[in-house]
Amino acid sequence: EHRMLTSGFCSSLSGGVSMRVMRWGFALVVVAVISAAIPANAEIVDREDDVGKYTSIALDSNGYPHISYYDYTNKDLKYAHKDANGWHTETADGADCEEDVGEFTSIALDSDGYPHISYYDDTSEALKYAYKDYSGWNTETVDSGGVGSYTSIALDSNDYPHISYYDWSNGDLKYAYKDSSGWHIELVDEEGFVGDDTSIALDSNGYPHISYNKWISSSSGELRYAYKDSSGDWHIEVVDSGGNAQYTSIALDSNGYPHIGYYDSCDLKYAYKDSSGDWHIETVDRYIDGYISLALDSNGYPHISYRLSLDLMYLMYAYKDSSGWHIEVVDSERYVEPYSIKVKWHTSIALDSNDYPHISYYDYANGDLKYTTIQPTIVNLQGGLTDSNGDPLSTASIRVTIKKYGQIVYQETFNDVVKDGKFSVLLGATQKLELWEGTAYNLIIEVDVDSTTFGQADVTFGDNNPAGDKIVFYP
């Protein structure tokens with residue numbers, strides 16, 4: 001499904017041209033303005049006080065996002081979901097104003113589309129579980145006694161929850177699952193201080209696979225992987241022991257092999273296992289600052305959201321295909337205060353049925369929960385061209401280029417499209433155009449006057465170095 005956008009030019013342009021994509025519900029508008037750069041502005045899901053930490057996202061069968069997150073101001077667990085009418089937010093756990101609940105959230109949707117959330121109760125130092133059904137929200141305490149941080153949840157084929165989490169009182173990795181008889185708790189790994197940054201996935205038989213880290217020292221740690229099989233035994237492997245593995249995120253491919261994204265000494269790394277039984281490790285990006293989330297597309301390729309280094313703190317997106325890795329800046333809006341730069345934290349990614357990414361994240365600068373996605377887009381670019389005497393051009397061809405942070409994301413030539421001074425072209429109709437919601441793009445328009453086939457530009461707008469000819473865009 002394509003989004004339809006309309007753009008009209010009504011100003012005399014002599015400088016850079018920028019384009020910004022904005023969406024309200026399903027209606028989108030592209031605005032052309034005379035300026036250099038427009039700050040990114042993804043959808044703000046919740047901006048009530050300070051909200052959005054520990055965000056986790058899942059998509060329902062219609063591709064709508066569901067997000068769990070922590071309300072820092074009120075110390076509550078919150079939940080947001082989108083439908084055809086827009087965003088809806090509600091408190092999932094927080095009836096007692098004296099309690100602090102909702103950190104380290106993780107969300108999964110059951111077969112009916114209802115949310116199930118694991119999270120940490122800081123007041124009781126316990127692992128908690130909340131789920132919604134036709135009657136409303138239900139909450140349960142799963143384990144207590146200094147446990148429950150770094151939770152991750154997955155549902156089996158019967159919609160029963162499976163949760164990995166950290167027992168910080170003992171420095172252990174634990175696993176809890178529910179069935180018809182109730183909750184069951186297992187100790188997975190107790191060697192040293194293990195179990196931070198857990199992430200869980202279930203294979204086709206419902207067996208858990210968990211990625212996590214083991215602290216070797218204050219500045220070093222190893223990436224570990226644990227899985228359970230039909231014997232009922234846990235198997236533990238060291239994946240990467242050469243650095244400082246943190247912020248792990250796991251997914252299983254169609255063959256049940258694990259793929260893990262993680263932070264290692266300022267690098268974004270990706271590890272996967274295949275039929276050879278060996279682990280393969282790749283460095284995806286450098287100078288990052290963690291908050292990693294990974295998902296696999298229908299072809300088994302990884303897609304990762306994460307935050308760039310402390311100096312920039314951009315929201316980033318990396319994905320792999322048959323040609324290799326590709327890296328994009330998603331949100332670069334920054335807020336600077338003395339001695340600190342605070343922008344994007346706690347990212348979470350999910351892919352829809354067409355393998356397009358949807359990302360939820362916390363905007364520290366503004367205390368907001370944000371959401372963005374990239375989708376195929378069609379832009380209706382309309383305008384008019386006159387010569388220096390103000391007479392409409394009889395014939396002209398144009399080339400349109402769209403750039404993001406200096407990189408070309410789209411370029412298409414339209415031959416002989418100007419008729420009696422006016423043109424109307426569809427960007428993305430014949431050549432794929434994919435735009436992130438709320439992100440700033442630079443638009444460059446090159447005009448070949450009195451030529452039915454674009455050859456060499458006579459006039460260029462949008463490159464901050466326009467030609468001397470005067471061309472006026474008008475509606």
Side-chain angles (χ1 to χ4, degrees), residues 46 48-58 66-81 89-110 114-133 135-155 160-179 182-188 190 193-200 208 210 212 247-248 291 345-346 348 360 362 367 369:
D46 192 348
E48 181 181 350
D49 299 316
D50 189 352
V51 294
K53 290 183 178 179
Y54 304 105
T55 174
S56 180
I57 191 172
H66 299 243
I67 303 172
S68 61
Y69 57 104
Y70 178 55
D71 180 340
Y72 177 78
T73 300
N74 297 299
K75 313 300 182 187
D76 293 338
L77 171 68
K78 295 194 74 174
Y79 161 72
H81 72 282
T89 63
E90 54 194 85
T91 298
D93 188 0
D96 188 341
C97 61
E98 300 300 321
E99 288 188 342
D100 183 354
V101 296
E103 294 179 311
F104 300 103
T105 83
S106 180
I107 193 171
L109 303 181
D110 64 27
Y114 285 117
H116 297 242
I117 304 170
S118 61
Y119 58 104
Y120 178 60
D121 181 337
D122 185 67
T123 301
S124 302
E125 299 181 345
L127 170 67
K128 293 192 75 174
Y129 162 68
Y131 67 96
K132 193 175 184 182
D133 57 21
S135 64
W137 283 101
N138 307 273
T139 62
E140 301 176 6
T141 297
V142 180
D143 195 3
S144 59
V147 301
S149 56
Y150 300 102
T151 82
S152 182
I153 193 172
L155 303 182
Y160 285 119
H162 298 244
I163 304 171
S164 62
Y165 59 103
Y166 181 49
D167 177 347
W168 55 265
S169 62
N170 296 298
D172 298 335
L173 171 66
K174 298 184 80 173
Y175 161 71
Y177 70 96
K178 192 177 184 181
D179 58 22
W183 284 101
H184 308 269
I185 297 173
E186 300 180 7
L187 180 62
V188 180
E190 57 179 339
F193 291 95
V194 292
D196 266 6
D197 300 316
T198 81
S199 181
I200 193 172
I210 304 172
Y212 58 104
Y247 300 105
T248 83
Y291 300 102
W345 282 20
H346 301 129
S348 184
S360 63
Y362 172 58
L369 172 66

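Values in this document were obtained by computation on a predicted structure and should not be read as measured data. Only this structure's heavy atoms are used, side chains among them; waters, hydrogens and symmetry mates stay out.
- Within the model, atoms CG of L155 and OH of Y114 stand 14.5 Å from one another, a figure rounded to the nearest 0.5 Å.
- Atom CD1 in I210 sits 7.5 Å away from atom OH in Y175 (nearest 0.5 Å).
- Listed here is the closest heavy atom pair of T151 and S106: O-CB, 3.8 Å.
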Contacts under 3.5 angstrom, residues 141-150 side chains, donor-acceptor by atom type, not counting sequence neighbours:
{"from": "D143", "atom 1": "OD2", "to": "Y165", "atom 2": "OH", "distance (Å)": "2.7"}
{"from": "D143", "atom 1": "OD2", "to": "K174", "atom 2": "NZ", "distance (Å)": "2.9"}

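- The minimum heavy-atom distance linking Y131 with E140 is given by the pair CE2-OE2, 3.6 Å.
- A donor atom on one side chain and an acceptor atom on the other are found under 3.5 Å apart for E90 and W137.
- Under the salt bridge (charged side-chain N to carboxylate O under 4.0 Å, His left out) criterion, K78 pairs with D46, E48, not counting sequence neighbours.
- A distance-only check finds no donor-acceptor pair linking the side chain of T105 to the backbone of T55 [under 3.5 Å].
- Rounded to the nearest 0.5 Å, atoms CD1 (I163) and CD1 (I200) are 8.5 Å apart.
- Both tests pass for K53 against the ring of Y72: distance under 6.0 Å to the centre and angle within 45° of the axis.
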Between Y70 and D50, is the side chain to side chain donor-acceptor pair (under 3.5 Å) condition met? List the steps.
CA-CA 9 Å; Y70 178 55; D50 189 352; over 6 Å; no
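- Rounding to the nearest 0.5 angstrom, the gap separating the CG atom in L109 from the CD1 atom in I57 is 10.0 Å.
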Please walk me through it: do Y291 and Y247 pass ring-ring contact (aromatic ring centres under 6.0 Å, His included)?
CA-CA 6 Å; Y291 300 102; Y247 300 105; 5.0 Å; yes
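- Separation of atoms CG (D121) and OH (Y119) is listed at 7.0 Å; rounding is to 0.5 Å.
- To the nearest 0.5 Å, atom CG of residue N74 and atom OG1 of residue T91 are 7.5 Å apart.
- A donor-acceptor pair is defined here as one N or O able to donate and one able to accept, closer than 3.5 Å; such a pair exists between the side chain of D71 and the backbone of T73.
- Pairing each heavy atom of H66 with each of Y79, the nearest pair is ND1-OH, 2.6 Å.
- Of all heavy-atom pairs spanning A80 and T89, the tightest one is CB-CG2, 3.8 Å.
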